[in-house]
Amino acid sequence: SLNGYEHYMLKEIHEQPDSLRNAMRGRLNDEDATAVFGGLNLTPQQLRGVERIILTGCGTSWHSALVGEYMIEEFARIPVCVEYASELRYRNPPIENNTLVFGITQSGETADTLAALNETKRKGHRTLALCNVVGSSIAQAADGGVYLHAGPEIGVASTKAYSSQCCVLAMLSLYFGRMRHMSFESGGRIIEELRRLPAAVEQALTCDSEVRRIAAKYADASNFLYLGRRYNFPTALEGALKLKEISYIHAEGYPAAEMKHGPIALVDEHTPSVFIMPRGTTYDKVMSNMEEVKARGGPVIAVASHEEAQIRRIADEVIMIPEVPEFLQPIVSAIPLQLLSYHIAVLRGCDVDKPRNLAKSVTVE
Ligand code: F6R
């Protein structure tokens, strides 16, 4: 039921502190400073021998794969490649021995993701599913996997499944990291940071009324740009996809530094740019990208973690989110973007839970 919310999408956005708690329940082990998973069906020796990981999926699940790539490479130092399932299934790429293939999927029924997993499995690679729907086709086809436990996601636009995918990928990175070089102390720190995540998401959700005000100001735009770097680059893609699919506004996500290589030509006074820029490694660089857009007359919306005169001076709007470590920023910074697309879609009279031309699970290729 809607529980008093006007749409499932809004309800599911607000469920995220709980769905994240459920994703982590029973999976954080303080004694060994690692994560534990019941259903990987691989021995520690088999997992220790993994030399490459392929993450595959479609749409929003492909975006969480991009987040996972940054996490696994940072914490476990295992090379990762991210593949669109629809491409992986037909491209016939050479895949080395000791490659582990993860299919990431909310529904567990996406035809391309299922086919990509079956194709890699047929070639003798180990496959795992990172999936929300228990007993779904992909959960059954894989050698093992991890459930998201996000609860049913009814809105066609994926929200809580996305944050849970990112969260499970963070725990997997911790797990693989602790099997390799990561110290007990670093593992313990990551566990603490994960435990603080649901409260940070709760705090991020309080931006709702501010985001609604901003939505009203920009709801008539025909084009949006979303820009971020490192962990916030996938967030830019995800923010743009959310806006496209439920409000039918054209939007593009880019790594902020790519602006100069073409997209900045799109900037004019009618094209808002959303900068996802919580403080971190590339903060100053993104600030100058934002200044360049502003200098060309584009309206700027900044998603930031620190009150700063410089941001307030450049950006037309600032949405504040709590400070979290960089690897958790994708989860927290997705919240205002989910809300922005939701409020814009409602203001434009769109059917947010059932957008035109889309289905919740894409069971044909
Ligand atoms: C976006 C969205 C789609 C799905 C994609 C994959 O909000 O819902 O892009 O993410 O169709 O679906 P799953 O995760 O069920 O495989």
Side-chain angles (χ1 to χ4, degrees), residues 7-13 15-16 19 23 55-68 82-89 101-118 127-142 145-169 226 234-249 251-253 330-331 334-335 337-342 344-345 350-365:
H7 297 96
Y8 282 106
M9 183 181 177
L10 188 61
K11 173 177 177 260
E12 288 158 5
I13 291 172
E15 278 170 356
Q16 289 175 105
S19 50
L55 302 175
T56 191
C58 305
T60 288
S61 295
W62 183 79
H63 294 158
S64 66
L66 290 175
V67 172
V82 176
E83 302 270 359
Y84 283 113
S86 57
E87 290 298 308
L88 179 59
R89 67 181 290 191
V101 184
F102 272 97
I104 306 181
T105 171
Q106 188 286 127
S107 63
E109 300 298 341
T110 302
D112 283 323
T113 309
L114 178 60
L117 274 199
N118 281 336
T127 59
L128 293 174
L130 214 153
C131 171
N132 195 36
V133 177
V134 175
S136 56
S137 307
I138 292 171
Q140 289 181 46
V146 185
Y147 282 120
L148 304 176
H149 300 308
E153 192 180 64
I154 313 270
V156 161
S158 185
T159 53
K160 63 176 180 173
Y162 174 71
S163 50
S164 291
Q165 286 166 348
C166 294
C167 180
V168 167
L169 285 161
Y226 286 77
T235 314
L237 297 181
E238 176 59 6
L241 179 62
K242 288 286 92 97
L243 190 70
K244 278 183 266 206
E245 63 183 336
I246 62 166
S247 74
Y248 319 139
I249 295 175
E252 298 204 44
I331 296 174
I335 303 287
L337 306 188
Q338 294 166 348
L339 289 168
L340 184 64
S341 63
Y342 171 79
I344 290 180
C350 301
D351 186 349
V352 283
D353 283 337
K354 283 196 176 23
R356 70 186 182 202
N357 310 342
L358 291 172
K360 185 64 184 162
S361 53
V362 183
T363 52
V364 290
E365 65 173 292

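Predicted, not measured: the structure shown is a model, and the values here were computed from it. Just follow the structure's listing: the first ligand is 1, and inside any ligand the first atom is 1.
Here the shortest heavy-atom distance to atom 7 (O) of ligand 1, taken over Glu245, Gln106, Glu238, belongs to Glu245. Which of Thr159, Thr60, Asp112, Thr363 comes nearest to atom 3 (C) of ligand 1 through a heavy atom is settled by distance: it is Thr60.
Aromatic ring orientation, His7 versus Tyr342: perpendicular (interplanar angle above 60°, classes split at 30° and 60°).
The side chain of Lys242, and not its backbone, has at least one atom closer than 4.0 Å to an atom of ligand 1 (non-hydrogen atoms only; side chain from C-beta on).
Side-chain contact between Leu241 and His63 is present, with heavy atoms from C-beta onward closer than 4.5 Å. Side chains of Ile104 and Val168 form no contact here, defined as non-hydrogen atoms less than 4.5 Å apart. Between Leu130 and Thr105 there is no side-chain heavy-atom pair separated by less than 4.5 Å.
In this structure, atom 11 (O) of ligand 1 lies nearest to the protein heavy atom Val362 CG2, 4.1 Å. The closest protein non-hydrogen atom to atom 6 (C) of ligand 1 is Cys58 O, 3.3 Å. At the shortest separation from atom 12 (O) of ligand 1 among protein heavy atoms lies Thr110 OG1, 3.5 Å.
For ligand 1, the atoms closer than 4.0 angstrom to any heavy atom of Ser61 are 10 (O), 13 (P), 14 (O). Less than 4.0 angstrom separates some heavy atom of Ala157 from each of these atoms of ligand 1: 7 (O).
Annotation for Gly155 and Lys360: closest pair O-NZ, 2.8 Å, computed over non-hydrogen atoms.
Contact analysis leaves Ser361 out of contact with ligand 1, as no non-hydrogen atom separation drops below 4.0 angstrom.
Side chain of Asn132 to backbone of Ala150: a donor-acceptor contact under 3.5 angstrom is found. Here the side chain of Lys160 pairs no donor or acceptor atom with the backbone of Glu153 at under 3.5 angstrom. Put simply, the side chain of Thr110 never gets that close to the backbone of Asp112: no donor and acceptor are under 3.5 Å apart.
Residue contacts with ligand 1: Val156 is placed with a nitrogen or oxygen under 3.5 Å of a nitrogen or oxygen of the ligand (distance criterion only). Between Thr113 and ligand 1, no pair of N/O atoms sits closer than 3.5 Å.
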